[in-house]
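Since the structure comes first, as structure tokens, the remarks are kept for the end.
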Number of protein chains: 2
Amino acid sequence: MSNFSIGKLAESAGVAIDTVRYYERNGLLQPAGRLASGYRRYGEAELRRLRFIRRAKALGFSLEDIRTLLELSAERSVAKVKRVAQLKLADIEARIAELERVGAGLRKLIAACPGHGRAEACPILNALTDEELH
Amino acid sequence: MSNFSIGKLAESAGVAIDTVRYYERNGLLQPAGRLASGYRRYGEAELRRLRFIRRAKALGFSLEDIRTLLELSAERSVAKVKRVAQLKLADIEARIAELERVGAGLRKLIAACPGHGRAEACPILNALTDEELH
DNA sequence: CTAGAGTCTAGACCCAGGTCCAGAGTCAAG
DNA sequence: CTTGACTCTGGACCTGGGTCTAGACTCTAG
């Protein structure tokens, strides 16, 4: 262990090989060490870092956010990490609120639609056609 | 009224001129009538249609969805319109649920983070680094 | 008539986050 | 040694919903 190819790394972390190279190009992973042949070699540290990225993505962070988190993690800035997480949470909550708003509008229209009859009686079509919408 | 340029149409509907042409290219608007000069000319019907598109977008429909809605609207299929709306609502609700899940995870980590001290004591960093995350 | 505003087209470019490709070189098993 | 799997590179391509550009033409107010 602790000395494996990009294929093994990718498989262990559950991402595609191209993704690993993409992350390297974009500064999320340090440039990997190379064999004489030019093949990349990885150790446990890179695997941990790649898994960190995958988990952060699952928590809703963008790759840009994750670059920041990795820096903060390296400098062990707990306060800043917490702040970044709070901003991301606020962002997620805002997106939920917007979807709730839109969903509520749609739900109301659906409830009022008989589902048959004249198009003019369909509140959904009317909402899309009429002048006022919220 | 009922005979205006693309600029007037775009302004009346609250979209950009390029967007009007983009919609035409992508089948959301019928190819417009033309003057001898090649300039597009529009009437009230196109304005209504463009506003329909704008409102549907505000309700969370994709342009693909809207193409469908416009067809259904033309054939006055109230039942199908309602079905499309229900599918979209289900989609929105699923997105909300996913964001709720992610937000809850993040909120828990933030609440448990003291915001200072050793990096090892930061549950956010730990969650990103440790083996298990749901 | 002229200046300035409006419009035309095809096609490039933007965002994020990858994915895929060709052509060449390398590694490991048998 | 051979064969098949693996890896390398740079660059093109993808999604969705537009946005912008260049260069040419047209329309309108004064």
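The model shown is predicted, which means the values in this text are computed figures rather than measured ones. We name chains A, B, ... by the order of the sequence lines, and we start the count at 1 in each one.
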Original post:
Going 5' to 3' along nucleotides 18-24 of chain D, which nucleotides have protein heavy atoms under 4.0 Å from the base (write B), which only from the sugar-phosphate (write S), and which from neither (write -)?
Top reply: BSB----
Subject >> Short side-chain N/O contact from Ser5(A) to OP1 or OP2 of dT7(D), under 4.0 Å >> reply: yes
Please give, in whole Å, the distance from [N] [atom2] to [X] [atom1]?
X: Arg67(A); N: dA16(C); atom1: CZ; atom2: P; value: 9 Å
X: Tyr42(B); N: dT7(C); atom1: OH; atom2: P; value: 10 Å
X: Ile6(A); N: dG25(C); atom1: CD1; atom2: C1'; value: 16 Å
X: Arg54(A); N: dG18(C); atom1: CZ; atom2: C1'; value: 16 Å
X: Glu24(A); N: dG17(C); atom1: CD; atom2: P; value: 18 Å
X: Glu11(A); N: dT7(D); atom1: CD; atom2: C1'; value: 15 Å
X: Phe4(A); N: dC6(D); atom1: CZ; atom2: P; value: 17 Å
X: Ile17(A); N: dC6(D); atom1: CD1; atom2: C1'; value: 8 Å

Quick one: side chains of residues 86-96 of chain A, donor-acceptor pairs under 3.5 Å with protein atoms, not counting sequence neighbours, listed by atom name and distance.
residue: Lys88(A); atom: NZ; partner: Asp65(A); partner atom: OD2; Å: 2.8
residue: Lys88(A); atom: NZ; partner: Asp91(A); partner atom: OD2; Å: 3.4
residue: Glu93(A); atom: OE2; partner: Arg107(B); partner atom: NE; Å: 3.4
residue: Glu93(A); atom: OE2; partner: Arg107(B); partner atom: NH2; Å: 3.0

Looking at residues at least two apart in the chain, or sitting in another chain, which of them share a salt bridge (charged side-chain N to carboxylate O under 4.0 Å, His left out) with [X]?
X: Arg25(A); value: none
X: Arg49(B); value: none
X: Glu64(B); value: Arg67(B)

Original post:
By side-chain hydrogen bond (donor to acceptor under 3.5 Å, both in side chains), which residues pair with Lys80(B), not counting sequence neighbours?
Top reply: Glu75(B)
**OP:** Would you list the pairs meeting salt bridge (Lys or Arg N to Asp or Glu O under 4.0 Å) in which at least one residue belongs to residues 109-122 of chain A, sequence neighbours left out?
**Re:** Arg118(A)-Glu120(A), Glu120(A)-Arg76(B)
Subject >> Validation row: Thr68(A), Phe61(A) side chains within 4.5 angstrom (heavy atoms) >> reply: no
Which side-chain N or O atoms in residues 5-15 of chain A pair as donor and acceptor under 3.5 Å with protein atoms at least two apart or in another chain?
residue: Ser5(A); atom: OG; partner: Gly7(A); partner atom: N; Å: 3.4
residue: Ser5(A); atom: OG; partner: Lys8(A); partner atom: N; Å: 3.2
residue: Ser12(A); atom: OG; partner: Lys8(A); partner atom: O; Å: 2.7

Original post:
Which distance, rounded to the nearest 0.5 Å, do you find between the CD1 of Ile124(A) and the CG of Leu72(B)?
Top reply: 10.5 Å
Original post:
Of all of residues 28-41 of chain A, which get a heavy atom below 4.0 angstrom from DNA chain C, listed by number?
Top reply: Ser37(A), Tyr39(A)
